[in-house]
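Report on the structure given below.
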Amino acid sequence: MKKLTTAAVGIVAVLALTSCSTGGSGDGASTELNVYAWADEIPQSVFDAFTEETGIKVNVDNFDSNETMISKLAAGNSGYDIVEPSQYAVQQLVGQDLIETLDKSKIEGIENLAPKFADPSYDPGLEHSVPWVWGTTGLLYNSACTGGEEITSWESLFDPKWKGKVNMLDNMLAAYIAGLQVNGYDADSTDEDEINAATESLIEQKPILSGYNSTNYGDLVASGDVCISEAWGGTSTAKIIEQNPDVHYVLPEEGGSLWVDGLSIAKGAPHQDAAYEFINFLLRPEIAAMATNDGGLASANAAAQEHVTDQGVLSNSAVYATDEEVANADFIVDPGEAMKYYQDGWTRVKAS
Amino acid sequence: MTVDRVVNGFARGVFVFLYLPIVAVIVYSFNAAGTNTRFEGLTLQWYVELFQDAALMQTLQTSAIVAVITATVATIIGIMFALGIARYRGRGRASLLALIALPLIVPEIVLGVALLSVFSTTRIPLGIGTLVLGHLIVSLPLATLVLMSSAVMLDPSLPEAATDLGCTPWQTFTRVYFPLLRPAVVAAWLLSFTTSFSNIVMSTFLSGVGSTTLPLKIYSSLKTGLTPTINALGALLILLTLVIVLLVGVTQMRRILVESRG
Amino acid sequence: MTSTTRAIQLGRKERPKRGSLLLLVPGIASVVLLGILPLFIVARNSFAVADNYGGITDGLTFDNYAKLLDPVYSKTLFYSLGLGVLNTVVCLVVGYITSYYIVSRPPNRQGFLLLLVIIPFWTDFLVRTFAWITILGSGGPIAGVLGVFGVAGFSLIPSNVAVVLGLLYSFLPTAIFPIYASMRSIDPSLKEAATDLGCGWWGVHRRVILPLTGPGILGAALLTFIPTMGVFVIPVLLGGGKDPLVGNLIVTLYTEFRNQPMGAAASMVLLLLMLISMVLVGLGLKRSSAKKGA
């Protein structure tokens, strides 16, 4: 009998919950907004402030990779309004017709964005996305572990001197940034010969690697298990540097690369009005600054900088790399047709 | 008998092995340093942050609801199948067994992506319902296999005896079968619950708006780094389990899990 | 009168059979709708062509299978099979000994011990894995203790030892449960009789307990070996991710390479290999039960 009651309660709970999630559609004044974003990149404080001002309830779900998010949208009928793709993912979403072309007349404050994001190569004219936070791909190293030696170049990742103490990001496009730039090529190359040369370098590099890890590489560098690692700048990297004075983050002299996560509206979003309202809200300088103040990330919004409470963070290269530092950095864009050279190469690297 | 002593010592070592990481989780949940790589004295800070994290608590609730429904449905279907197959002597018995075990041999990501396209073609909205269905297909084989190992041991003359004594089929089930199968039922439920509660891959593809599960939340926050708050939650869940075990009563637990076959 | 008795007898004989068929329906329906139907989609996609943006076009090609013949893939497959066999053997040995220990406890302790086996798995998988990283890593307790004795620089992260430990940890309960279940059904008097006849510890196990636990051990072997093929987080976090497993390969094809058709083809090949191994195990089971009957 008890079991039956439990089952009944369960079923009622399901009905109640599913009716919530499917309800609230229609084009009228929206009372709900469904956001699908990277964990913690839009701080909870931003959502709270938005709900307080507009009365719109925000449902937030997180994804672990662009690919997961894309496959959800590709299945159709996802129910999400706002998604937060990285730069190359914007191209894929546009290619598969999964996000809306933005109606610029409904967007206010786009002039607040930093000039380097105003007309990016992955989304000319910002037709489909509004940049929100950005960061770099560079080198993280532990100077206690390298014996005080400063690391400034991708070459260190390929130097047998550090055998067993080097980590690479477990991500194809990220690994090829180092592989291509160390050979003197652009990180967004689409040339077969250049990509093949990078593949050879990465295969040669494999015996000196401790491993491929894009999860807790920061901890590995902090503990000295790994001396030098390819790394993404951002919250966790900044946190590790703050806790351990021996750990440093630099952009390599070959250039490194930039990543940007922005806001897009999913195709057929059920709450379009609320979605535009949300984008406009996030374009306000004082709200955009919360990405730095509460989320520890660099805002793509130039006007936000004066609202950053800890001005020191603006010169911390693990968060806000300076314009000089990123002068040679490449945007990693979707390789399109050249994707197959990368894939064949990466398969050979992994199997070698 | 000295071999027995070595074997016993080894088995006790296995239990230590099983609880090593759990002890580490509990110890590091009080760690003042914001990382697992160093230990810097004690704090309750992470527990405070845990209870302030409404989003995390929401995912815990989702996971619990999905796991309870999944485990209950998987166990009920599993009991039916186990009893049915135990009495079924017809042709194709082996194929039926292979069929029920089939989902075990499909990599979860393959099944997850394929189910996502099934649900999108049939326009079933993603949410708790699709999560339950996805978790059901991975836990059903486990539950059924556990139940079958008990059901095949039942004396085939039992149901006839019960019918002769005037029992309706339902009474036969509740008074004869269920008490005999109880240990297996509990084991199957626990195994399905655990499978569902810790599932990442299926949930990745089958969760919808507002139905992020706890493992999904943890997996997606790997990019910014796991906080000790997650350790605190792990420690609390273990504590909660122990409280439940104590509430249900150790004696009761023994009776449920061990007394079998009359 | 006679006809009524006959009807009753017929009814009694037939009812269990028809009833038992009905009992099978929900299970079969679930597997067909949630398992087989999606697999048809996978099978179809394995012959499709991926477009540049990760979508699937309608084409029909055998390229996806042809590409899998590349030696780089067979290398991954053999490495996975090797690790799968190793993990299965380790899990079976440890699971067998642990099950024997549980079975030889007083009956009123056994349930508690089984519960003890499963409780650790109610903490999140990633949390447990990170706990192992802490324990085995250079900042952990083992390194600390060794450091006191002057052994510096201990760290098992990343290493193959850590991968084997992590896999054993994840699959031990699935190995213990079936072995325990079949071991418990062995009549204790058989063991006594064997001991009386002069069998030592090994003799009792080799001649009595091990053969009678056969089905449970085979079940445990399947439940350990097959899922090991699909593992992809443990080799990366504990082993450094330099030697990918089939699980990593499929995940990479589906996500990073956004090549669902090729991922589907790899899955179909894996599925076929698993089916063959299941049939082999099934034949083994049949032979062992035939032997028992003789």
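Just so we're on the same page: letters track the sequence lines, and every chain starts at 1. Computed from a predicted model, the values in this text were never measured in an experiment.
- Of residues 80-88 of chain A, those residues lying under 4.5 Å from chain B by any heavy-atom pair are Tyr80(A).
- Using a 4.5 Å cut-off between heavy atoms, Thr235(A) touches chain B through its side chain atoms alone.
- Considering every non-hydrogen atom in both Val209(B) and Asp61(A), the closest pair reads CA-OD2, 3.3 Å.
- The line from OH of Tyr36(A) to OG of Ser220(B) is 9.0 Å long, rounded to the nearest 0.5 Å.
- Interface residues of residues 221-233 of chain A toward chain B, defined by a heavy-atom distance below 4.5 Å and sorted by number: Ser223(A).
- The candidate from Ile240(A), Asp219(A), Thr237(A) with the greatest count of non-hydrogen atom pairs under 4.5 Å with chain B is Asp219(A).
- Against chain B, the residues from residues 62-69 of chain A that qualify, each with a non-hydrogen atom under 4.5 angstrom away, are Asn62(A), Phe63(A), Asp64(A), Thr68(A) in number order.
- Closest of all the heavy-atom pairs between Ser221(B) and Asp40(A) is CB-OD2, 4.4 Å.
- Of the possible polar contacts, one joining the Lys72(A) side chain to the Ser207(B) backbone as a donor-acceptor pair under 3.5 Å is found.
- Your options are Gly296(A), Ser214(A), Ser236(A), Gly79(A), and the one with the most heavy-atom pairs under 4.5 Å with chain B is Ser236(A).
- Near-neighbour residues of residues 43-53 of chain B relative to chain A, defined by a heavy atom under 4.5 Å from a heavy atom of that chain, are none.
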